[in-house]
Amino acid sequence: MSKTSSAAQNFWLMKSEPDVFSLHDLVGRPGQRELWDGVRNYQARNFMMNEMKVGDLVLFYHSNAEPSGVAGVAEIIEPARPDPSAWDKKSEYFDPKSTPENPRWYCVTVGKPRPFKSFISLEELRQHAELKDMLVLRKGQRLSIQPVTPAEFECVVSLGMKK
DNA sequence: GCCAACGTTGGC
DNA sequence: GCCAACGTTGGC
């Protein structure tokens, strides 16, 4: 398959608690890559399974943080595969309803971390009219993987690349 | 630590 | 298939 046959690139926002796994942690991982395991929400899983493609770009969002906000960009470097943590009894993500024969949960691999020059806090995101429809700014929006429009993505990246 | 908003579970 | 109870998320 040639690359040009694939559908257009998509843009995403993925949440992580920096106390658990930060963008800086991704920078420090061997190969600067990590399996995005532990997602236990069907909507987020479906985005990974059905819509994420290798080469899609991600706003790496720090949630439950001081402050919360976008730390930088990363990239989907491997497509979704069954989440092995679901059948690991020692994992906090263990789910007895998921088995290797019949996996319930999937995870992509994220890599190529590119931290912003300046961290873009939630408060700053709210100050830009072009970003007012971003799901992450919506009250009660808890989805850990969210689609982002190309315009929103570009806007946040240009903010982050400024000093 | 509080708590509003949301997703999931399970009894019926 | 409804919906109350429960657990979780995540900003504050």
Side-chain angles (χ1 to χ4, degrees), chain A residues 10-29 34-52 56-76 80-111 113-149 151-160 162:
Chain A
N10 289 320
F11 300 94
W12 307 94
L13 179 145
M14 295 172 86
K15 297 181 186 173
S16 184
E17 299 194 23
D19 292 348
V20 178
F21 187 72
S22 69
L23 183 59
H24 186 258
D25 291 331
L26 181 59
V27 171
R29 279 291 192 274
E34 185 79 350
L35 208 54
W36 205 264
D37 61 3
V39 171
R40 297 292 178 267
N41 170 282
Y42 286 104
Q43 211 179 337
R45 179 204 70 173
N46 291 344
F47 281 137
M48 288 197 287
M49 276 180 64
N50 305 329
E51 300 191 45
M52 276 185 173
D56 284 0
L57 295 178
V58 174
L59 298 174
F60 197 112
Y61 182 86
H62 286 175
S63 63
N64 252 322
E66 243 352 288
S68 296
V70 180
V73 171
E75 188 172 326
I76 305 303
R81 68 166 105 154
D83 182 344
S85 71
W87 53 75
D88 175 2
K89 283 205 173 79
K90 292 185 200 123
S91 169
E92 61 175 311
Y93 304 124
F94 175 68
D95 180 353
K97 292 175 188 143
S98 187
T99 63
E101 296 73 31
N102 192 13
R104 169 175 297 209
W105 304 111
Y106 283 73
C107 52
V108 294
T109 302
V110 171
R114 292 203 297 150
F116 283 160
K117 282 194 187 121
S118 32
F119 181 88
I120 306 301
S121 68
L122 238 200
E123 188 186 9
E124 177 158 9
L125 292 175
R126 289 191 202 283
Q127 286 164 9
H128 295 273
E130 315 92 284
L131 304 178
K132 67 175 170 36
D133 294 327
M134 283 187 80
L135 292 175
V136 74
L137 302 185
R138 205 168 287 175
K139 189 178 177 183
Q141 178 55 66
R142 309 186 324 193
L143 197 57
S144 67
I145 297 178
Q146 307 176 354
V148 168
T149 69
E152 288 164 349
F153 183 86
E154 270 314 309
C155 181
V156 176
V157 168
S158 67
L159 291 172
K162 278 193 241 168

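In the text below, chain A, chain B and the rest are named by the order of the sequence lines, each starting its count at 1. When reading the values below, keep in mind they use all heavy atoms of this one structure, side chains included, and skip hydrogens, waters and symmetry mates.
Here dG11(C) presents its P atom at 11 Å from CG of Leu125(A), a figure rounded to the nearest Å. One can place CG of Leu135(A) at 12 Å from P of dC6(B), the figure rounded to the nearest angstrom.
Between Lys97(A) and Lys139(A), the one whose closest nucleotide on DNA chain B sits nearer the 5' end is Lys139(A).
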Under 3.5 Å, which N/O atoms of the protein pair with N/O atoms of nucleotides 7-10 of chain C?
{"unit_1": "dT8(C)", "atom_1": "O2", "unit_2": "Arg142(A)", "atom_2": "NH1", "d": "2.7"}
{"unit_1": "dG10(C)", "atom_1": "OP1", "unit_2": "Lys15(A)", "atom_2": "NZ", "d": "2.7"}
{"unit_1": "dG10(C)", "atom_1": "OP1", "unit_2": "Arg142(A)", "atom_2": "O", "d": "2.7"}

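With hydrogens and angles left out, the side-chain atoms of Arg40(A) and Ser85(A) include a donor and acceptor closer than 3.5 Å.
Looking only at side-chain heavy atoms (C-beta outward), Leu13(A) and Lys15(A) come within less than 4.5 Å of each other. In this structure the side chain of Val148(A) never reaches within 4.5 angstrom of the side chain of Trp12(A), judged on heavy atoms.
Looking only at distances, a side-chain donor or acceptor of Arg45(A) sits under 3.5 Å from a matching main-chain atom of Arg104(A). A donor-acceptor pair under 3.5 Å links the side-chain atoms of Asp56(A) to the main chain of Asn10(A), judged by distance alone.
When heavy atoms are screened at a 4.0 angstrom cut-off, Arg126(A) is found touching the sugar-phosphate backbone but no base atom.
Considering every non-hydrogen atom in both Trp87(A) and Pro100(A), the closest pair reads CE3-N, 3.5 Å.
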